[in-house]
Amino acid sequence: MIMNIVVEFFVVMLKVLGAIVMAGLKWLIRPKEKSVAGQVCVITGAGGGLGRLFAKEFARRRATLVLWDINSHSNEETAEMVRQIYREQDNPMTKEGAVGGVEEVPPFQPQVYTYVVDVGKRESVYSTAEKVRREVGEVDLLINNAGVVSGHHLLECPDELIERTMVVNCHAHFWTTKAFLPKMLEMNHGHIVTVASSLGLFSTAGVEDYCASKFGAIGFHESLSHEIKASEKDGIKMTLVCPYLVDTGMFRGCRIRKEIEPFLPPLRPEFCVKQSMRAILTDQPMICTPRIVYMVNFMKSILPFEAIVCMYRFLGADKCMYPFLAQRKEAMNNNEAKNGI
């Protein structure tokens, strides 16, 4: 009995080393990207920011887009951008060197569908998911991207805004997954992407609700990944996206130490999405952008809390959200003053 455990332990160690080597090779040798042409892709929060950019990237790869957003106007704007990409791709092109100048025509015509959805309301999620299955078909890719931030210090934040942040950023992932995962399991095919944040790996002051919601989303994603592995459904892939501060305007005003900022500027949204797309299309389980986020997360796991505090203060990360919170408070006060006139 003991001998069997020892042998099994060494086999496990060999598998662990093999996994580490394979992961290292993927960093050195870029894997081939899979095709998503013709596959149905649901993107939440598609009306702007990263969601809009994800939609455009999947459109360039000829996926059928299903765009969810609470704002009908901005969602339709994204849809029109997607249609323009489709039109550009569908223009018949004469392939150079083809005998007789034969025109190369795309084998199918992808489409884009828009739905007004409040992912913070599970009834809205479930009913819209049913409409998608009926009107579009079964979903192959689910991009859980929708997110909000309250922009208040904890003791100044209304309970309703805290609840809204938790529901949209975390609970909605449960509902969208419950809506689309059963068919993925049945077909043993699909891909679920969780767009989280580096603030779901390590936190900072002033955004307790946002950090808690992203920690929750990451915990949900990791547990679901283990459940899918335990069910031996190897055709279903999971990708966790954890970017550093992205310059979408969500955290406008956030600042770290000015001497450090040139080395850690906010990420360009286009760069963030392109890196994320590479991870998704190569079935990478997790992508942190920039790569220093991996190191910070590792150091947070092994260093004492006081050591982390010292590092935060050196970087100016301990109060980096305070200028953002001050701007939000000033804007809210100005709006109240205008409404009172």
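Numbering of residues begins at 1 and proceeds along the displayed sequence.
Side chain of Y244 to backbone of L264: a donor-acceptor contact under 3.5 angstrom is found. Side-chain N or O atoms of T44 include one that pairs as donor or acceptor with a backbone N or O of A146 at under 3.5 Å. Side chain of D209 to main chain of I162: no donor-acceptor pair is present (N/O by atom type, distance under 3.5 Å, no hydrogens or angles).
I228 and V139 fall within a single hydrophobic cluster, where Ile, Leu, Val, Met, Phe, Trp and Tyr side chains are chained together by heavy-atom contacts under 4.5 Å. No chain of hydrophobic side-chain contacts below 4.5 Å, direct or via other Ile, Leu, Val, Met, Phe, Trp or Tyr residues, connects V193 to F215. If you chain together hydrophobic residues whose side chains sit under 4.5 Å apart, V40 and V82 never meet in one group. The hydrophobic cluster containing F314 does not contain F263, counting ILVMFWY residues as joined when their side-chain heavy atoms lie under 4.5 angstrom apart, directly or transitively.
Side chain to side chain, N75 and T114 fail the donor-acceptor criterion of an N or O pair below 3.5 Å. With no hydrogens or angles considered, no side-chain donor-acceptor pair links K329 and H152 at under 3.5 Å. Q89 and R62 share a side-chain donor-acceptor pair at under 3.5 Å. Counted by atom type alone, E80 and Q84 present zero donor-acceptor pairs between their side chains at under 3.5 Å. Remark: the H189 side chain and the D140 side chain contain an N/O donor-acceptor pair separated by less than 3.5 Å. The closest side-chain donor-acceptor pair between H73 and E77 falls under 3.5 angstrom.
Salt-bridge check for K233 with E186: failed, with every basic side-chain N at 4.0 Å or more from each acidic carboxylate O. Comment: R268 does not engage D247 in a salt bridge, judged by the lack of any side-chain N to carboxylate O separation of less than 4.0 angstrom. The residues D118 and R164 are annotated as salt-bridged, a charged nitrogen and a carboxylate oxygen being separated by less than 4.0 angstrom. A salt bridge links R60 with E57: the closest approach of a Lys/Arg side-chain nitrogen to an acidic carboxylate oxygen falls below 4.0 angstrom.
Evaluated for a side-chain hydrogen bond (donor to acceptor under 3.5 Å, both in side chains) with H221, the options T177, T194, N144 yield exactly one hit, T194.
Here CZ of R257 is found 11.0 Å from CG of D318. Values are rounded to the nearest 0.5 Å. In this structure, CD1 in I236 is found 12.0 Å from CG in D283, a value given to the nearest 0.5 Å. Rounding to the nearest 0.5 Å gives a distance of 13.0 Å between CG of L17 and NZ of K15. Once rounded to the nearest 0.5 Å, the distance linking CD1 of I280 with CZ of R61 reads 9.5 Å. Here F202 contributes atom CZ and F298 contributes atom CZ; the two are 14.5 Å apart, rounded to the nearest 0.5 Å. With values rounded to the nearest 0.5 angstrom, F174 atom CZ is found 6.5 Å from H171 atom NE2.
Atom NZ of K131 has 12 or fewer neighbouring heavy atoms from other residues, nucleotides or ligands inside a 6.0 Å radius. Enclosure of atom CD in E8 is not indicated, since only 12 or fewer non-hydrogen atoms of other residues, nucleotides or ligands lie within 6.0 angstrom. Residue E227 places its CD atom among 12 or fewer non-hydrogen atoms of other residues, nucleotides or ligands, all under 6.0 Å distant. Within a 6.0 Å radius of CD1 in I292, no more than 12 heavy atoms belonging to other residues, nucleotides or ligands are found. A 6.0 Å sphere centred on NZ of K121 holds no more than 12 heavy atoms belonging to other residues, nucleotides or ligands. Within a 6.0 Å sphere centred on CZ of R122, other residues, nucleotides and ligands contribute 12 heavy atoms or fewer. Remark: E232 CD is loosely packed, at most 12 non-hydrogen atoms of other residues, nucleotides or ligands lying under 6.0 Å away. More than 12 heavy atoms of other residues, nucleotides or ligands lie within 6.0 Å of CE in M13, so this atom counts as buried by the packing criterion.
Between W68 and F180, the ring planes are tilted. Angles from 30° to 60° get that label. Using a 30° and 60° split on the angle between ring planes, Y115 and Y113 fall in the parallel class, below 30°.
In this structure the side chain of S276 reaches within 4.5 angstrom of the side chain of F54, judged on heavy atoms. In this structure the side chain of T64 never reaches within 4.5 angstrom of the side chain of V112, judged on heavy atoms. Using a 4.5 Å cut-off on side-chain heavy atoms (C-beta onward), I287 and L240 make no contact. When side chains are defined from C-beta on, L53 does not count as touching F58, because their heavy atoms never get closer than 4.5 Å. Residues L141 and V36 meet the side-chain proximity criterion, which asks for heavy atoms closer than 4.5 Å. You'll find the side chain of L142 stays beyond 4.5 Å of the side chain of H191, heavy atoms only.
F251 meets the ring pair (Phe, Tyr, Trp, His ring centres under 6.0 Å) test with Y210, F324; sequence neighbours excluded. Remark: E138 pairs with no residue by the salt bridge (charged side-chain N to carboxylate O under 4.0 Å, His left out) rule, at least two apart or across chains. With sequence neighbours left out, E163 forms a side-chain hydrogen bond (donor to acceptor under 3.5 Å, both in side chains) with no residue at all.
T165 and V148 make their closest contact through CA-CG2, 3.8 Å (heavy atoms, listed as atom of the first residue, atom of the second, distance). C254 and L245 make their closest contact through SG-CD2, 3.8 Å (heavy atoms, listed as atom of the first residue, atom of the second, distance). When all heavy atoms of G45 and N145 are compared, the pair lying nearest together is O-ND2, 3.2 Å.
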